[in-house]
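In each ligand, atom 1 is the first atom listed, and ligand 1 is the first ligand listed. If you read the sequence from its start, that first residue is 1, and numbering goes on from there. What you see is a predicted model; the values in this text were computed from it and never measured.
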Amino acid sequence: MSAPQSVPGHRDGAAPARRTVLRSAAALAGAVGAGSALAACSPQSASGGGSPATPAGPVDLGAAADVPVGGAKLYREEKLVVSCPAEGQYRAFSARCTHAGCVLDKIVKGEGNCPCHGSRFDVATGKVLSGPATEPLPAVPVKMENGRLVAG
Ligand code: FES
């Protein structure tokens with residue numbers, strides 16, 4: 001016959017209950033962490049809101065000369081990218097990635113980069129150069145008025 005054993009410094013039954021509480025807290029913290037990771041990947045949190053891919057009305061982008069001939073400029077705040085294939089010719093696209101809605105963060109050698117999952121777009125055509133995005137950037141009307149670019 002053996003007598004019930006007790007852990008020194010703990011009353012019988014107290015240790016398992018405490019372990020259960022700690023395990024539950026750890027599981028809850030893990031669940032909250034996983035929820036945050038998922039939320040960071042959702043289109044709404046990544047893009048800063050549910051605003052449409054293209055502007056609803058005309059947007060003044062400033063001096064047309066800011067867009068280099070043969071290059072492009074990213075207007076991150078306006079969520080637009082404008083390219084200038086030849087002097088006086090401008091093409092604008094939404095700068096929101098067609099994968100999950102993140103806004104492109106930079107243009108390197110004519111390629112717009114999405115910081116969220118690495119998609120790359122040709123900023124002269126909007127075409128996808130590498131995924132996971134599969135759809136091109138939507139074109140946005142743009143015109144030059146008195147030396148300034150107006151999109152939308
Ligand atoms: S949002 Fe996923 S690659 Fe751009």
**Request:** Return the option from Gly112, Gly131, Ala100 holding the heavy atom at the smallest distance from atom 1 (S) of ligand 1.
**Result:** Ala100
**Message:** If I take atom 2 (Fe) of ligand 1 as the centre, what angle separates the ND1 atom of His99 from the ND1 atom of His117? Nearest 10 degrees is fine.
**Reply:** 100°
**Prompt:** How about Cys97: does one of its N, O or S atoms come closer than 2.8 Å to atom 4 (Fe) of ligand 1?
**Reply:** yes
**Item:** Numbering as shown, the atoms of ligand 1 that approach Cys114 to under 4.0 Å (heavy-atom distance)
**Value:** 1 (S), 3 (S), 4 (Fe)
**Request:** Would you mind checking if Lys143 and Glu145 are paired as a salt bridge, meaning a charged N to carboxylate O distance below 4.0 Å?
**Result:** yes
**Request:** Evaluate the criterion disulfide (SG to SG under 2.5 Å) for residue pair Cys116 and Cys102; output intermediate values, then yes/no.
**Result:** CA-CA 6 Å; Cys116 291; Cys102 291; 1.8 Å; yes
**Fill in**
Between Tyr75 and Leu149 the two heavy atoms that sit nearest each other are OH-CD1, 4.0 Å
**Fill in**
Honestly, for Ser119 the part within reach of ligand 1 (heavy atoms, under 4.0 Å) is both
**Prompt:** Do Val59 and Val150 have side chains that get closer than 4.5 Å, going by heavy atoms?
**Reply:** no
**Asked** If you count the atoms of ligand 1 from 1 in the order shown, which ones are under 4.0 Å from a heavy atom of Cys102?
**Response** 1 (S)
**Request:** Check whether any side-chain N or O of Ser83 sits under 3.5 Å from a backbone N or O of Ala72 as a donor-acceptor pair, and report yes or no.
**Result:** no
